[in-house]
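Here is the structure we will look at.
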There are 2 protein chains.
Amino acid sequence: MAPRSAGKNAESSDKVGVICRALRRAIIEQALEPGAKLPEDSLGERFGVSRTIARHALGQLAAEGLVELRRNRIAVVATPSWQEARDAFDIRIELERLVVRQLAGKLTKAQIATLNAHVDAEDGARDGTDAVSIRLATEFHILLAQMTNSPILVRYVSEVAYRCCLTLSLYSRPHSSECAINEHRAIIAALVKGDEAKVMSLMHSHLDSVANRALVAPAPQRGRDLLDILAPYADEGESERVVKMPKVVRAR
Amino acid sequence: MAPRSAGKNAESSDKVGVICRALRRAIIEQALEPGAKLPEDSLGERFGVSRTIARHALGQLAAEGLVELRRNRIAVVATPSWQEARDAFDIRIELERLVVRQLAGKLTKAQIATLNAHVDAEDGARDGTDAVSIRLATEFHILLAQMTNSPILVRYVSEVAYRCCLTLSLYSRPHSSECAINEHRAIIAALVKGDEAKVMSLMHSHLDSVANRALVAPAPQRGRDLLDILAPYADEGESERVVKMPKVVRAR
DNA sequence: AGCGCCTGAATTGCATGCAGTTTGGCGGCC
DNA sequence: GGCCGCCAAACTGCATGCAATTCAGGCGCT
């Protein structure tokens, strides 16, 4: 909540940053599904800025892998392939092992309190929407990364975590996140105890289980990613030759 | 060399991409030292585009951590702190272990040939400038990452490798890179042999040795990063109250 | 001489305008 | 009826212009 004076990257306090954060959040809360169109005009209008700024924001998000930018085409929310999702989780596991390795036994009391408070919040939001639960769970991991005081690590963990979030909305069954909360508690406990090996294996299995629960199977027989792209829209417009986008930018 | 149809990110074939690649290369070859100013006009003029495009390119590079963007201030080539450099190498080690783990024993003949050719090129460039050697060594690692066919991994390894390059120009002694070449050859051999554990430990020690050779010491008594920032300019303009930038954007 | 203010040049922040490309739908043709 | 080509609308790619901010140097004051 605090302004977080640590430099972060190129989007603090300016309008581009506002748009980026808003879109990121909308994406990970699945208000914007993969494949949703993001026209520069609509974005600019929605946020009260010109296309130039909206465009710049899209560029940043594309660099993070959250949106896809094709030349002369409307930007869309990224639709990672199943393989990319798998890769993202692999990378995430390694990065987060690094995080907890650096953190084991080195947490301050205040940090421990912060983490516990966050997990309590996760617990409290259990009866809310799935989207909020997912966001909070993701933010727990980012919170951990931030405690390493390594901006680079924060950036990479954040990015890859967001990316994983994105894939959850594509390939995941509606899952209960209770176990995740317990696993978060276990990780905090191990971190406090300072057992480096333990906490690394906990984190590993935690992420691995999330990945396995989420990335159920390569889908029926997905030889083409076209199927993946159409998957979210399979429940309506089945008689049309070409599937129209059910929701565009959601506002206006 | 092929157009590489794989989407990559938001900067293929457009002018922004050209500028990004040029600047990246200039930075890792140390033609642009950390702290060098990058005014939008000069960039635009140099590349024959408008400020808008130059600005966008700077945004992308900032997202990669190669340039620093401060509001209302001229963009500069990033000057990572010693700690950030250390962190970058830590992350890089983990990521590249992941790379070689996926690659061990799975290289095609063509890939092996490509790798060997690259190392030969490194060898051939040994009597060239240091900058070229460093670039080639870095590109070897990126080449490896590309062979995983994981775009995400490619992106992260590239970024972090570039970042490490950047730090080399700040904290490294002029080192001979011959040993690095031999280590590269050893890694290829182990990859071909398919010994996963061996290749991972080789990669680990390879990067670790580079890091240790490079990041010699925390510098005299760097309580302030101001010292780090001024370090590259310590050899001239010593009588001035405020140090002027020795070289601006190098062209015009 | 040293210090601070003040002013102009340099530079960024951002919106707008125009040109080129894609899109989607309509009408004609087979 | 189905298919192909054309056309207008939508959208992006990019440059330019204007306002706001920073920066550098000079001037006056102490």
Side-chain angles (χ1 to χ4, degrees), chain A residues 7 9-20 23 35-63 67-77 229 233 237 239-249 251-252, chain B residues 7 9-20 23 35-62 67-77 229 233 237 239-252:
Chain A
N9 54 12
E11 53 174 85
S12 295
S13 89
D14 55 343
K15 313 197 182 178
V16 173
V18 172
I19 300 180
C20 279
L23 285 184
K37 293 182 181 178
L38 302 167
E40 296 173 359
D41 312 338
S42 319
L43 249 47
E45 194 174 342
R46 189 74 184 73
F47 288 96
V49 299
S50 81
R51 280 201 310 121
T52 307
I53 305 305
R55 181 185 188 73
H56 203 88
L58 286 174
Q60 297 291 309
L61 292 172
V67 319
E68 258 169 68
L69 236 43
R70 291 113 81 218
R71 188 175 174 90
N72 282 324
R73 298 273 239 294
I74 300 181
V76 295
V77 176
I229 296 171
Y233 314 110
S239 72
E240 304 218 13
R241 208 175 62 93
V242 75
V243 177
K244 296 192 185 201
M245 217 53 72
K247 48 168 74 168
V248 197
V249 77
R252 157 55 182 267
Chain B
N9 54 13
E11 54 175 85
S12 294
S13 89
D14 54 344
K15 314 196 181 177
V16 173
V18 172
I19 300 180
C20 279
L23 285 183
K37 292 182 181 178
L38 301 168
E40 297 172 358
D41 319 349
S42 320
L43 250 47
E45 195 174 340
R46 187 74 183 77
F47 288 94
V49 298
S50 81
R51 279 201 309 122
T52 307
I53 305 305
R55 181 184 188 73
H56 203 86
L58 287 174
Q60 297 290 309
L61 292 172
V67 320
E68 257 169 67
L69 236 42
R70 290 114 80 218
R71 188 176 175 86
N72 283 324
R73 297 276 240 292
I74 300 181
V76 296
V77 175
I229 295 171
Y233 314 112
S239 70
E240 305 218 15
R241 209 175 59 95
V242 76
V243 177
K244 297 190 185 202
M245 219 53 72
K247 49 168 74 166
V248 197
V249 77
R250 123 162 143 171
R252 160 46 182 273

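First the proteins, then the strands, lettered A, B, ... as listed; each starts at 1. Not measured: the values here are computed from a predicted model.
- Every side chain to side chain contact (heavy atoms under 4.5 Å, CB included) that Ala54(B) has, sequence neighbours left out, goes to Leu43(B).
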Do any N or O atoms of the protein come closer than 3.5 Å to N or O atoms of nucleotides 19-21 of chain C, and which pairs are they?
residue	atom	partner	partner atom	Å
dT21(C)	O3'	Asn72(A)	ND2	3.4

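- Rounded to whole angstrom, the span from the CZ atom of Arg70(A) across to the P atom of dG13(D) amounts to 11 Å.
- Checked against side chain to side chain contact (heavy atoms under 4.5 Å, CB included), Thr52(B) has the following partners two or more places apart in sequence or in another chain: Ser50(B).
- Look at CD1 on Ile74(B): it is 11 Å from P on dG13(C), rounded to the nearest Å.
- Taking atom CZ of residue Arg55(B) and atom P of nucleotide dG13(D), one finds them 17 Å apart after rounding to whole Å.
- If you measure from atom CZ of Arg71(B) to atom C1' of dT21(D), you get 9 Å, rounded to the nearest angstrom.
- In the set dT12(D), dT12(C), dC23(D), the nucleotide with an atom closest to the side chain of Arg73(B) is dC23(D).
- Residues passing the side chain to side chain contact (heavy atoms under 4.5 Å, CB included) test with Ile74(A) are Lys37(A), Pro39(A), sequence neighbours excluded.
- Residues passing the side chain to side chain donor-acceptor pair (under 3.5 Å) test with Glu40(A) are Arg51(A), Arg55(A), sequence neighbours excluded.
- Between the CG atom of Leu38(B) and the C1' atom of dT11(C) there is a distance of 13 Å, rounded to whole Å.
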Please produce a list of atom pairs where a protein N or O lies less than 3.5 Å from an N or O of nucleotides 15-18 of chain D.
residue	atom	partner	partner atom	Å
dA15(D)	OP1	Ser50(B)	N	3.2
dA15(D)	OP2	Ser50(B)	N	2.9
dA15(D)	OP2	Ser50(B)	OG	2.6
dA15(D)	N7	Thr52(B)	OG1	3.2
dT16(D)	O4	Thr52(B)	OG1	3.0
dG17(D)	O6	Arg51(B)	NH2	3.1

